[in-house]
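None of these values were measured; they are calculated from a predicted model. The basis for the numbers below is simple: all heavy atoms, side chains too, and nothing from hydrogens, waters or symmetry mates.
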Amino acid sequence: MPADKPKFYITTPIYYTNGLPHIGHTYSTIVCDTIRRYKRMRGYDVVMTTGTDEHGVNVERSAKKAGVSEAEFVSKMATEWRALWDELGIQGDEFIRTTDLKHAHTVQWLFRHCRENGFVYPGHYTGQYCIYDNAYVDVKPGENCPDCGRPTETVTEANYFFKLSAFQKPLLDWYANHPDFIQPESRRNEVLSFVEGGLRDLSITRTSIRWGIPVPGEEPHVFYVWFDALTAYLSAVGGPTYEQHGYWPADVHLVGKEIIRFHAVYWPAFLMAAGLPLPKQIWAHGWLLMDSSKMSKSKGNVVKPRPIVNVLGMDALRYYLLRETVFGQDGNFSYDALVTHYNSDLANGLGNLASRTLAMIHQYLSGKIQRPDGLSPLSVVLREKFYPIHSQVLEHYDSLEFSKALESIWELIGACDSFLTSMQAWVLGGGDPDNWRPFWPVGSWQPVWQNPSPDEWKNRTPPNWPMEDEWTNSPEDRERLNSALTGLRQFGEHDLVEEFLYVAAETIRCLVVLAHPILPQATERIWKQLGQPDSISNQKMTELKWGQLQPGVHIGKIEAVFPRIEKAEAIERMEAMENEAQKQPSPVTAPAAPGALAAGGATAATPAAAEKIGIEDFAKVEMRVGQIKTAERIVGADKLLKLTVDIGTEIRQICAGIAQYYEPEKLVGRKVAVVTNLAPRKLRGVESNGMIIAASVGPEGRPVLAGFHEDVEIGSRLK
Ligand code: MSP
């Protein structure tokens with residue numbers, strides 16, 4: 001990187017390795033990745049750090065449960081985290097693991113400085129400890145953790161203490177002098193009142209845990225997980241030699257709101273104690289909620305990113321997360337809204353605009369974009385729309401208002417879309433004047449050369465141009481319109497189709513540059529389809545000007561970047577993959593099966609056709625005769641029926657993908673074969689407790705229900 005580029009350092013939280021990433025973690029990482037891409041396009045030399053927090057009693061327990069060493073456990077989990085970020089196209093620069101040697105050295109070095117400066121002393125501590133949050137909590141013995149609600153444990157141990165109490169005033173002064181240090185405002189207020197309430201010294205080593213970084217010369221002390229994990233931000237960019245690397249202090253630590261205190265109180269205090277520079281900003285975003293509560297493994301309401309990416313693509317997930325959630329606030333996740341936005345904003349919006357324009361360039365200009373020698377008013381209006389949107393989008397990115405940035409970009413997409421529609425009806429739409437009516441180009445009859453001001457022509461109307469409110473669709477009106485259009489089409493040497501398609505393509509070029517940090521994959525593809533050189537990621541946001549489209553280029557191969565998808569089917573596929581993924585064994589205990597997890601369960605290994613199973617395997621499947629009691633359609637799920645089925649011992653609710661072939665009313669009373677010992681799962685949010693057996697017929701897999709030719713008793717076992 002050239003030395004003259006300003007440096008920018010951003011971090012995600014350093015995630016725990018006792019679980020795999022869900023879309024909550026993905027959200028934080030996608031936001032950082034978006035900022036990283038944006039800052040690069042603003043000319044910064046950016047480093048983004050993410051990584052894994054691998055120490056602590058939780059890992060000790062998980063490794064024991066999996067029957068492997070802690071080192072093996074964390075190494076497999078870290079590989080999974082990295083693989084997922086790679087699959088999602090996350091461009092992290094540093095992946096720090098808290099088990100890295102360079103990190104251990106940094107933690108020990110930081111501790112030495114804090115101690116030498118008189119901020120560390122030995123003592124004992126007894127308290128209620130939450131092993132899930134890795135924190136002592138202020139509750140009585142026997143009470144649960146106030147943050148996560150899980151049981152706490154009473155722990156007494158010899159510790160080294162950090163004199164956090166000495167930093168109340170320095171921290172308050174720091175907050176006062178750096179009003180932007182904690183974002184958003186609500187979190188800043190929360191931290192201020194916490195610190196104003198007084199700070200207690202903090203135990204920063206443990207003797208009750210084995211799996212941690214040793215305190216040099218003080219074994220069996222190991223570092224407390226937060227002293228350890230927070231320091232990862234520094235170890236990633238040089239640790240003790242951070243000055244040579246030049247990225248510290250960090251510009252932004254981006255975290256979820258639940259860990260703001262560790263970042264905005266403990267971390268700056270540790271750094272102050274060691275005499276090190278403090279990060280410039282801590283940004284705490286809200287939570288992604290599922291059914292109105294925080295997504296978490298313990299509640300079993302997590303959504304994994306892979307099924308979404310497999311079905312809709314990574315840009316769809318990025319778009320949805322950044323568009324739907326106001327950054328800083330909590331946001332709800334739903335598959336329904338995800339697919340709705342995909343279809344309406346991406347497939348019908350950006351995707352359709354790009355393919356429509358490219359298809360016309362192909363059809364009318366033999367695939368070659370030409371720069372026109374002048375612009376007519378309709379084009380000027382669109383061009384003039386770009387500039388304010390350009391500056392708004394940059395402002396929104398700067399203030400991390402991604403949702404607003406997308407709204408502004410979509411305003412330009414909307415404008416370009418109407419422009420094309422007008423131009424299609426107006427210039428190409430010859431034949432049916434009805435096509436022209438809704439897109440009346442009032443005042444836009446006269447081509448204006450060399451960048452006219454929109455005011456120059458705005459209020460003019462052509463002399464022979466029928467006014468919209470006068471339009472009667474009479475032969476006379478049509479004649480007047482036709483002659484006006486003919487005049488326009490023949491104006492000078494200028495080819496209006498060439499002009500309008502240049503204008504649309506150029507506007508698309510500009511807007512994909514603006515959208516690139518959020519939609520990296522699709523925008524790069526559109527860029528290439530527009531035949532533009534280099535990579536879109538090398539474009540500079542501030543140097544973006546309307547009119548820089550490389551003319552004379554042939555457009556690339558036209559491919560839909562966001563093909564439309566049927567909602568019910570998409571949701572069904574994602575849910576099925578999600579259910580499948582949940583059944584996958586943990587990557588640590590799983591026998592090495594490369595690719596099985598990488599596909600998010602989508603390609604979960606099925607025995608090869610020739611592979612035989614033993615009778616004991618077959619006997620594991622319990623099938624019984626059931627009788628359908630009720631059957632109804634599920635709103636929004638075209639293929640599914642919700643059935644209640646009597647299986648002899650109970651009545652079960654079962655969803656079956658047969659709605660397109662069976663009328664619900666006709667199923668009532670029918671006897672069917674039911675798999676009764678399948679784990680319950682949700683299909684389109686509806687619980688399904690069992691499976692109805694059906695043949696899958698023909699290339700479309702038409703379901704045909706299995707049945708019995710003789711009368712059979714309900715509940716009889718199939719063997
Ligand atoms: N290891 C600590 C962080 C140490 S940082 C030095 C930790 N790890 S974690 O795996 O639990 O990750 C927590 C972070 O993941 C949150 O702060 C947030 O960034 C992200 N999220 C986890 N669940 C989330 C939601 N449901 N919604 C949004 N973000 C969430 O805490």
K.L.:
For Asp330 and Trp287, indicate whether the former's side chain and the latter's backbone hold a donor-acceptor pair under 3.5 Å.
P.N.:
yes
K.L.:
Work out which heavy atom in Ser408 is nearest to a heavy atom in Val393; give both atom names and the distance.
P.N.:
CB-CG2, 3.7 Å
K.L.:
Between Glu411 and Lys385, does any side-chain N to carboxylate O distance fall below 4.0 Å?
P.N.:
yes
K.L.:
Side chain to side chain contact (heavy atoms under 4.5 Å, CB included) for Gln392 and Ile389? Distances and angles first, verdict last.
P.N.:
CA-CA 5 Å; Gln392 278 162 25; Ile389 285 183; 4.2 Å; yes
K.L.:
If every non-hydrogen atom of Thr50 is compared with every non-hydrogen atom of Pro13, which pair is closest and at what distance?
P.N.:
OG1-O, 4.0 Å
K.L.:
Could you work out, with side chain to side chain donor-acceptor pair (under 3.5 Å) as the rule, every residue matching Arg573, not counting sequence neighbours?
P.N.:
none
K.L.:
What's the shortest heavy-atom distance between Val513 and Pro517, and which atoms?
P.N.:
O-CD, 3.8 Å
K.L.:
Would you say the side chain of Ile361 lies within less than 4.5 Å of the side chain of Ile558, judging by non-hydrogen atoms?
P.N.:
no
K.L.:
In terms of side-chain geometry, is the basic nitrogen of Glu407 or Lys404 positioned less than 4.0 Å from the acidic oxygen of its partner?
P.N.:
no
K.L.:
Does a donor on one side chain sit under 3.5 Å from an acceptor on the other, for Tyr27 and Thr325?
P.N.:
no
K.L.:
Is the shortest side-chain N to carboxylate O distance from Asp251 to Lys39 below 4.0 Å?
P.N.:
no
K.L.:
Just do the side chain to side chain contact (heavy atoms under 4.5 Å, CB included) check on Arg356 and Asp417 with the steps written out, would you?
P.N.:
CA-CA 9 Å; Arg356 182 177 171 203; Asp417 225 19; 2.9 Å; yes
K.L.:
Go through the structure and list residues passing side-chain contact (heavy atoms from CB on, under 4.5 Å) with Ser399, not counting sequence neighbours.
P.N.:
Glu401
K.L.:
Within the distance-only criterion (no hydrogens, no angle test), does the side chain of Glu506 pair as donor or acceptor with the backbone N or O of Gln548 below 3.5 angstrom?
P.N.:
yes
K.L.:
For Tyr242, does its backbone N or O pair with a side-chain atom of His245 as donor and acceptor, under 3.5 Å?
P.N.:
no
K.L.:
Provide the closest heavy-atom pair for Gln550 versus Pro533 in the form atom of the first, atom of the second, distance.
P.N.:
OE1-CG, 4.0 Å
K.L.:
To the nearest 0.5 Å, tell me how far Glu569 CD sits from Met574 CE.
P.N.:
10.0 Å
K.L.:
Could you tell me whether the side chain of Trp81 and the main chain of Tyr15 form a donor-acceptor pair under 3.5 Å?
P.N.:
no
K.L.:
Go through His285 and Leu400 one step at a time and tell me if the side chain to side chain contact (heavy atoms under 4.5 Å, CB included) criterion holds.
P.N.:
CA-CA 10 Å; His285 63 70; Leu400 311 190; over 6 Å; no
K.L.:
Would you check, one step at a time, whether the test side-chain hydrogen bond (donor to acceptor under 3.5 Å, both in side chains) holds for Asp398 with Tyr38?
P.N.:
CA-CA 9 Å; Asp398 285 334; Tyr38 169 68; 3.0 Å; yes
K.L.:
Compute whether any side-chain donor of one residue and acceptor of the other, for Tyr247 and Asp45, lie under 3.5 angstrom apart.
P.N.:
yes
K.L.:
Is there a donor-acceptor contact under 3.5 Å from the side chain of Gln370 to the main chain of Tyr502?
P.N.:
no
K.L.:
Is there side-chain contact between Ile565 and Asn343, with heavy atoms separated by less than 4.5 Å?
P.N.:
yes
K.L.:
Could you list the residues that satisfy salt bridge (Lys or Arg N to Asp or Glu O under 4.0 Å) with Asp315, not counting sequence neighbours?
P.N.:
none
K.L.:
Identify, with sequence neighbours excluded, every residue that meets side-chain contact (heavy atoms from CB on, under 4.5 Å) alongside Lys528.
P.N.:
Glu524
K.L.:
Side chains of Tyr9 and Trp248, heavy atoms from C-beta outward: is any pair under 4.5 Å?
P.N.:
yes
K.L.:
State, with a plain yes or no, whether a side-chain heavy atom of Gln183 is found less than 4.5 Å away from one of Val252.
P.N.:
no
K.L.:
Arg37: which residues meet the side chain to side chain donor-acceptor pair (under 3.5 Å) condition with it, sequence neighbours left out?
P.N.:
Asp33
K.L.:
Is there a donor-acceptor pair under 3.5 Å between the side chain of His390 and the backbone N or O of Thr542?
P.N.:
no
K.L.:
Do the non-hydrogen side-chain atoms of Val311 and Met577 ever get within less than 4.5 Å of each other?
P.N.:
yes
K.L.:
Any side-chain heavy-atom pair from Trp527 and Arg509 closer than 4.5 angstrom?
P.N.:
yes
K.L.:
Is a donor on one side and an acceptor on the other found under 3.5 Å between the side chain of Arg36 and the backbone of Phe8?
P.N.:
no
K.L.:
So, Ser537 and Arg40: side-chain donor and acceptor under 3.5 Å apart, yes or no?
P.N.:
no
K.L.:
When rounded to the nearest 0.5 angstrom, what distance separates CD in Glu543 from CE in Met41?
P.N.:
11.0 Å
K.L.:
Measuring from atom CG of Leu350 to atom CG of Leu511, what distance do you get when rounded to the nearest 0.5 angstrom?
P.N.:
6.5 Å
K.L.:
Are Leu544 and Phe386 side-chain neighbours, meaning at least one heavy-atom pair lies under 4.5 Å?
P.N.:
yes
K.L.:
Flag the pair Phe95 / Thr49 as yes when at least one side-chain heavy-atom distance between them is below 4.5 Å, and no otherwise.
P.N.:
no
K.L.:
Using atom types as modelled and distance alone, determine if a side-chain donor or acceptor of Tyr397 lies under 3.5 Å from a backbone N or O of Leu514.
P.N.:
yes
K.L.:
My understanding is that only residues two or more places apart in sequence, or in another chain, count here; which of them pass side chain to side chain donor-acceptor pair (under 3.5 Å) with Glu324?
P.N.:
His341
K.L.:
What are the two closest non-hydrogen atoms of Ala284 and Pro184, and how far apart are they?
P.N.:
O-CD, 3.2 Å
K.L.:
Donor-acceptor pair, Arg318 side chain versus Leu519 backbone, under 3.5 Å?
P.N.:
no
K.L.:
How many angstroms lie between CD1 in Ile308 and CE in Met314, if you round to the nearest 0.5 Å?
P.N.:
14.0 Å
K.L.:
I'd like to know whether Glu94 forms a side chain to side chain contact (heavy atoms under 4.5 Å, CB included) with Tyr233, so could you lay out the CA-CA distance, the side-chain angles of the two residues, the decisive distance to 0.1 Å, and finally the verdict.
P.N.:
CA-CA 10 Å; Glu94 296 293 333; Tyr233 297 138; over 6 Å; no
K.L.:
May I ask you to decide if the ring planes of Tyr319 and Trp410 are parallel, tilted or perpendicular, using 30° and 60° as cut-offs?
P.N.:
tilted
K.L.:
Could you state the interatomic distance from CD (Glu384) to OG (Ser379), rounded to the nearest 0.5 Å?
P.N.:
11.5 Å
K.L.:
Give, for atom OH of Tyr320 and atom CD1 of Ile30, the distance between the pair rounded to the nearest 0.5 Å.
P.N.:
12.5 Å
K.L.:
Quick check: Phe500 with Phe419 (ring centres under 6.0 Å apart)?
P.N.:
yes
K.L.:
Which atom names give the shortest non-hydrogen contact between Thr29 and Thr12, and what distance separates them?
P.N.:
CA-CG2, 4.0 Å
K.L.:
Without swapping roles, check the side chain of Gln329 against the backbone of Gly286 for a donor-acceptor pair under 3.5 Å.
P.N.:
no
